[in-house]
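Please read all numbers here as calculations on a predicted model, not as lab measurements.
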Amino acid sequence: AARPAWAGRVVAAGTVLALAAVLAWLVHLGVVPGTGTRAPTAPIAGAGTGAVSTATGLPPTPAARPADARAILQQLTDRRVAALVERRTDALAAVHRRGSPSWQADAAVIDALTSGHQRYAGLQMTVEEAAFVTRSEVRAVVRARVAVAAYRVADDDGGVVPRSGEAGGPLDFHLVHGDDGWRIESVSSPKPT
């Protein structure tokens, strides 16, 4: 038997509404780019790239956050090495949460180098392995091993003291996330999990 003409239109309209609902849900999840007013975010792809930030102050969506603990920590480590080599306390804000225990420790190192008229030469640190122990939208603990290559401590009089490298043991890096991306809060010995 033939169906009434309106029945086909009802089925077609229902299909369109269902597809629109699915598309709206995917946009909400961030799977499909939306057209909302939220500012775009830049993911951390690896060492040397910019930090995650938003112009609106809203936290970045999980899809914009880097999933690689090693990439996050290597970027912070590269910034830390630059701050120590250049003896710039102000540059520590790109590494640590300002005023945190890890910020204070590196600030003390820079103060000691500056007052002693010394500087690091050839300093390199490599995150050999890293994994999230815990992670939320604003806090994370990364268990990592950071190797330090052989470097030198030079003074203003031309003296140079070589320092041997270290493979580095496992440490827990406690991170906090803000508008400017991940920052180190403190570093501790690993706790049993």
Exercise for review: Kindly compute the distance separating CZ (R70) from CD (E128), expressed to the nearest 0.5 Å.
Suggested key: 7.0 Å
Point to revise | Any R97 side-chain heavy atom under 4.5 Å of H174 side chain | key: no
Check your understanding: Side chains of V146 and L171: closer than 4.5 Å at any heavy-atom pair?
Key -> no
Point to revise | Heavy atoms of other groups near E185 CD, more than 12 under 6.0 Å | key: yes
Check your understanding: Given R87, which of D111, T114, V109 fulfils the side-chain contact (heavy atoms from CB on, under 4.5 Å) condition?
Key -> T114
Check your understanding: What are the two closest non-hydrogen atoms of A83 and I110, and how far apart are they?
Key -> O-CD1, 3.8 Å
Check your understanding: Is there a side-chain contact between D78 and V81, using heavy atoms and a 4.5 Å cut-off?
Key -> no
Review point. For the side chain of D157 and the backbone of G159, is there at least one donor-acceptor N/O pair under 3.5 Å apart?
Key: no
Practice item. Look up atom CG in L76 and atom CH2 in W182, then write down how far apart they are to the nearest 0.5 Å. Key: 10.0 Å
**Study point:** Residue pair H177 / L175, side-chain heavy-atom distance below 4.5 Å
**Key:** no
**Study point:** Option passing side-chain contact (heavy atoms from CB on, under 4.5 Å) with I184 (candidates D106, V95, V142, T77)
**Key:** V95
Review point. Do D90 and R88 meet the salt-bridge criterion of a basic N to acidic O distance under 4.0 Å?
Key: yes
Exercise for review: Verify the cluster assignment for F132 and V176: are they in a single hydrophobic cluster under the rule of side-chain heavy atoms below 4.5 Å apart?
Suggested key: no
Review point. Pick one: which of R80, H96, R183 meets side-chain hydrogen bond (donor to acceptor under 3.5 Å, both in side chains) with S102?
Key: H96
Check your understanding: Where do V127 and A130 come nearest, in terms of heavy atoms and distance?
Key -> CG1-CB, 3.9 Å
Point to revise | Working for side-chain contact (heavy atoms from CB on, under 4.5 Å), residues T89 and W103 | key: CA-CA 9 Å; T89 305; W103 184 92; 3.9 Å; yes
Point to revise | T126 vs Q74 side-chain heavy atoms within contact, under 4.5 Å | key: yes
Revision key, fill the gap. On a heavy-atom basis, the closest approach of Q104 and G99 is NE2-O, 2.9 Å
Practice item. Side-chain contact test, heavy atoms from C-beta onward, threshold under 4.5 Å: evaluate it for L123 versus V148 and give yes or no. Key: yes
Check your understanding: How would you list all residue pairs meeting side-chain hydrogen bond (donor to acceptor under 3.5 Å, both in side chains) that involve residues 162-171, not counting sequence neighbours?
Key -> none
